[in-house]
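In what follows, chains are A, B, ... by sequence order, proteins preceding strands, each numbered from 1. What you see is a predicted model, and the numbers here were worked out from it, not measured in a lab.
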Protein chains: 2
Amino acid sequence: MAKTISEIAEETGYSRTTITMVLSGRASEYRISARTQKIIRDYVDEHGYTINQTARNLKTQRSHTIGFVAPEIANPFFARFMAHLEACCRSEGLVLITTSSGEDPLVEARALQSLLERGVDALVLAPCAPRPAVSAKKRSRQTPMVVIDRHYPGDNTQVIASDHRENARLLTAAVMSAGASDMVFFCGHPENPAIVARIAGFRAAAGEGENARLLTAADDSVAAGKAMMQTLLEAGGALPSALLCSSLLVLEGALQHLRRTRSAVPPDMIIATFDYDGFLELLPNTVIVVRQDEEALARAAFQAISDRIGGNAAAEGTRTVVDAELLYLNAPA
Amino acid sequence: MAKTISEIAEETGYSRTTITMVLSGRASEYRISARTQKIIRDYVDEHGYTINQTARNLKTQRSHTIGFVAPEIANPFFARFMAHLEACCRSEGLVLITTSSGEDPLVEARALQSLLERGVDALVLAPCAPRPAVSAKKRSRQTPMVVIDRHYPGDNTQVIASDHRENARLLTAAVMSAGASDMVFFCGHPENPAIVARIAGFRAAAGEGENARLLTAADDSVAAGKAMMQTLLEAGGALPSALLCSSLLVLEGALQHLRRTRSAVPPDMIIATFDYDGFLELLPNTVIVVRQDEEALARAAFQAISDRIGGNAAAEGTRTVVDAELLYLNAPA
DNA sequence: GTGAAAGCGCTAACAA
DNA sequence: TTGTTAGCGCTTTCAC
């Protein structure tokens, strides 16, 4: 891996300090003569040099690395968030380490530990379990952390998220305005605080009546969507005039099951969901989606950790709300 | 960040060596007495210890880190690949650093450099430009690298990819078997070797005639799909009986444009594309897709870098082909 | 059974 | 204007 500073020093006859100074661009600051600089630069141009960040990090106690733990990286929402976060990092010369917890608190804990061991400068976490409370004095010595997307009650970490409750309320209201007389809301993984909030928003708009039913399934998956649709169909009766789903996966499973058993999704059923997929627009149905702004979330998260790294910790329990967008696909003219 | 080994040594009265031995689980190997072990374990249980991997890495010259550079992490294909690769890494106690190049060779080069500086144990790269040739003697000292998905001619790096040409040929043949009399193939980013191969496969199955048209656009995006569809519509004449697209993004743009200008996608048009999206199944059309096996690709890539790290470098220019699946969604009964 | 000591490659305060 | 030096926290050989 190219030469080390010591090797360059030895082979050019200068000291390590001198080499460090010109290689780190602080040559003029340390008044290294132009001639020396040129000699060193030429040497490096010829023989190459790759700084050993490990050594640098050990010395400076910074890793120029940030860690991100997501429940599932392949989930398009987290993948997009990560892509934007990585872009933020890259523009500041940082590097992003991303890990999945698979919604398993134990895996999450291990992932956090592993990142801490590597001395990440900060952590971004989309948690799958409540954070253990940390005493204030301990907190100040800790690696900066911000939580995204999900807020567990009692957690004092800084949170950056959409207002899931309000978004669900608006989505439900939009569905009702579009003419739905009875709705079913399919929810995967109802312990997830984001889903809890969405259910609350749904109830706030639709009430508790027979016309606003709620079905839940243990996890957030295509299979869960299928299972809930099966339950609904087995209960008999007409299909609801609107179907709401807590995620794209659930929607996908629900519609696929409908298509397979009933040969088609009724084109007059209003469909409402969270997160966007480009092919939703091609359905004949009225589709209303809440699209979260992954880029704004990523920027806010990056800003927050930058502030914390810089020592400007936000107050305990600060919540940052990032607006989402209500999108009408194929609304009736 | 908890105590260091030196602190624990000092505070328990043992030496750094002894602490290291029990903390690294090699206590019995070094015949540390049970009593000493217990004292140290108890101390650590009470005060905590987080190993400093940076220091460890510097000493051992291994980082237990692997780097992945993708053209675009938010692309579901790469996101899924990355998720599987990360799972492989995690199961071996490694950590994955992922970066996007945005299809920019300069950004790609910087990303690789940055990972090299961090001393990653190996690199996985989905390249957006040909790799500069490296002399054999230099190669042996280098960080192990495998290339995925795309093979630039003349590149001697080990490649792991689907057989894009053959898959395209099979897909095209399937479309023809399904009754298509004339086809159009929309291709984004035709310099990408994977796309070059797909075009070759398309030609191999469909020939060069008027019934097998090819449209290309500079990049792989929804906008490119729209633009190509616009070009097609402006040329006048009937729509083709089959539309092939080089990626989901292109397909999405093409169909959205069709829907907006013609109010609907003709339900008898056969649609064929690469990569899978759950909502494709809901279209009334016959949809045929090539679904790549991201998990198998990730496993193969991980195996390859593990081999290389272990010193079992594959021969120069080795190509590993991972099978893809031809999937019929809503084929006519 | 346990400890001493060298050194991974780098930075930065201090000397000259 | 350039060099010397003392570590960062860990592993590991060798000595007691």
Side-chain angles (χ1 to χ4, degrees), chain A residues 1-41 43-44 47-65 114 116-121 143, chain B residues 1-41 43-44 47-65 114 116-121 143:
Chain A
M1 219 164 60
K3 306 268 183 184
T4 71
I5 284 195
S6 297
E7 285 167 353
I8 298 179
E10 188 156 331
E11 291 165 33
T12 58
Y14 289 97
S15 76
R16 303 223 299 281
T17 316
T18 307
I19 310 293
T20 300
M21 289 319 165
V22 355
L23 256 33
S24 66
R26 286 171 301 171
S28 49
E29 186 184 326
Y30 278 77
R31 293 173 302 187
I32 309 291
S33 71
R35 188 171 151 279
T36 303
Q37 291 188 41
K38 180 158 173 30
I39 293 175
I40 295 174
R41 290 244 158 70
Y43 184 91
V44 166
H47 297 88
Y49 171 64
T50 302
I51 188 175
N52 182 327
Q53 294 285 0
T54 306
R56 181 173 200 262
N57 293 344
L58 178 59
K59 178 65 189 178
T60 59
Q61 304 288 56
R62 292 259 271 117
S63 66
H64 301 278
T65 296
S114 159
L116 253 22
E117 289 177 350
R118 290 180 141 87
V120 294
D121 294 340
T143 303
Chain B
M1 221 163 58
K3 306 269 182 185
T4 70
I5 285 196
S6 298
E7 285 166 354
I8 299 179
E10 188 156 331
E11 291 164 31
T12 57
Y14 290 97
S15 76
R16 302 221 300 279
T17 315
T18 308
I19 310 292
T20 299
M21 290 317 167
V22 357
L23 256 34
S24 65
R26 287 171 301 170
S28 50
E29 185 183 328
Y30 279 77
R31 294 173 300 186
I32 309 289
S33 70
R35 187 170 153 278
T36 302
Q37 290 189 40
K38 181 160 173 25
I39 293 177
I40 294 175
R41 290 244 160 69
Y43 184 91
V44 165
H47 297 89
Y49 171 65
T50 302
I51 189 175
N52 183 326
Q53 295 284 0
T54 305
R56 179 171 201 263
N57 294 344
L58 178 60
K59 179 66 189 177
T60 59
Q61 304 288 60
R62 292 260 271 116
S63 66
H64 301 277
T65 296
S114 160
L116 254 21
E117 290 176 351
R118 292 178 139 87
V120 293
D121 294 340
T143 303

Undergrad: Rounded to the nearest angstrom, tell me the gap between atom CZ in Arg62(A) and atom C1' in dC10(C).
TA: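 Going from Arg62(A) (CZ) to dC10(C) (C1'), I get 16 Å.
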
Undergrad: Taking atom P of dT2(C) as reference, at what distance in whole Å does atom CD of Glu10(B) sit?
TA: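 In whole Å, dT2(C) P lies 19 Å from Glu10(B) CD.
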
Undergrad: With the side chain of Ala55(A) defined as its heavy atoms from C-beta on, choose the nearest nucleotide among dT4(D), dT11(D), dG9(C).
TA: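 For the Ala55(A) side chain, the nearest candidate turns out to be dG9(C).
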
Undergrad: Round to a whole Å and report the spacing from CD1 of Ile40(B) to P of dT2(C).
TA: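 Interatomic distance, CD1 of Ile40(B) to P of dT2(C): 8 Å.
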
Undergrad: For a quick test of reading the model: is some side-chain N or O of Tyr49(B) closer than 4.0 Å to OP1 or OP2 of dC10(D)?
TA: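 The answer is yes; a side-chain N or O of Tyr49(B) sits under 4.0 Å from OP1 or OP2.
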
Undergrad: May I have the step-by-step check of side-chain hydrogen bond (donor to acceptor under 3.5 Å, both in side chains) for Ser63(A) and Asn57(A), ending in yes or no?
TA: CA-CA 5 Å; Ser63(A) 66; Asn57(A) 293 344; 5.5 Å; no

Undergrad: 5'-most contact on DNA chain D: Met21(B) or Leu58(B), nearest heavy atom basis?
TA: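 Nearest nucleotide further toward 5': that of Leu58(B).
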
Undergrad: Given the structure, check if the side chain of Arg16(A) and the base of dT11(C) hold any donor-acceptor pair shorter than 3.5 Å.
TA: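 Result: at least one qualifying N/O pair found.
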
Undergrad: Grab the CD1-P distance between Ile39(B) and dT2(C) for me, whole Å please.
TA: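 Rounding to the nearest Å, CD1 of Ile39(B) and P of dT2(C) are 9 Å apart.
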
Undergrad: So for atom CD, which belongs to Glu7(B), do other residues, nucleotides or ligands contribute more than 12 heavy atoms lying within a distance under 6.0 Å?
TA: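 Correct, the count exceeds 12.
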
Undergrad: Can you find a donor-acceptor N/O pair under 3.5 angstrom joining the side chain of Lys59(A) to the base of dG9(C)?
TA: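 Looking at the base of dG9(C), it does not pair with any donor or acceptor on the side chain of Lys59(A) (distance under 3.5 Å).
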
Undergrad: Check this one for me: any side-chain N or O of Thr60(B) less than 4.0 Å away from OP1 or OP2 of dT11(D)?
TA: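 No.
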
Undergrad: Quiz question: going by heavy-atom distance under 3.5 Å, is there a donor-acceptor pair between the base of dT2(C) and the side chain of Thr36(B)?
TA: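 For Thr36(B), whose side chain was compared with the base of dT2(C), there is no donor-acceptor pair (under 3.5 Å).
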
Undergrad: Identify which nucleotide among dA12(C), dG9(D), dT2(C) has an atom closest to any side-chain atom of Thr4(B), counting heavy atoms from C-beta outward.
TA: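 Nearest to the side chain of Thr4(B) among the choices is dG9(D).
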
Undergrad: For a quick check under 3.5 Å, do Ser33(B) and Thr36(B) share a side-chain donor-acceptor pair by atom type?
TA: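 A pair is found: one side chain offers a donor N or O, the other an acceptor, under 3.5 Å apart.
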
Undergrad: So which one's nearest nucleotide on DNA chain C is more toward 5', Gln61(B) or Ser15(B)?
TA: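 Nearest-nucleotide comparison on DNA chain C picks Ser15(B).
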
Undergrad: Between P on dG1(C) and NZ on Lys38(B), what's the gap in Å once rounded to a whole number?
TA: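 Distance check: Lys38(B) NZ to dG1(C) P gives 19 Å.
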
Undergrad: Checking contacts here: which listed nucleotide (dG3(D), dC8(D), dA4(C)) is nearest the side-chain heavy atoms of Thr17(B)?
TA: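 Minimum distance to the Thr17(B) side chain belongs to dA4(C).
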
Undergrad: What are the two closest non-hydrogen atoms of Leu23(A) and Val44(A), and how far apart are they?
TA: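 Minimum heavy-atom separation between Leu23(A) and Val44(A): CD1-CG2, 3.9 Å.
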
Undergrad: Just the rounded figure in Å: distance from C1' of dT5(D) to CD1 of Ile19(A).
TA: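 Value for this atom pair: 17 Å.
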
Undergrad: Does Tyr49(B) reach the side chain of Ile5(B), with side-chain heavy atoms less than 4.5 Å apart?
TA: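 Side chain of Tyr49(B) against side chain of Ile5(B), heavy atoms only: contact under 4.5 Å found.
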
Undergrad: Calculate the interatomic distance between Asn52(A) atom CG and dT11(C) atom P; express it in whole Å.
TA: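 Taking atom P of dT11(C) as the reference, CG of Asn52(A) is at 9 Å.
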
Undergrad: Looking at the base of dA12(C), is there any donor atom on it, or on the side chain of Thr20(A), that sits under 3.5 Å from an acceptor on the other one?
TA: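 By the distance-only test, no, there is no pair.
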
Undergrad: For the pair made of CD1 in Ile8(A) and P in dC10(C), what is the distance, rounded to whole Å?
TA: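 In whole Å, dC10(C) P and Ile8(A) CD1 are 8 Å from each other.
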
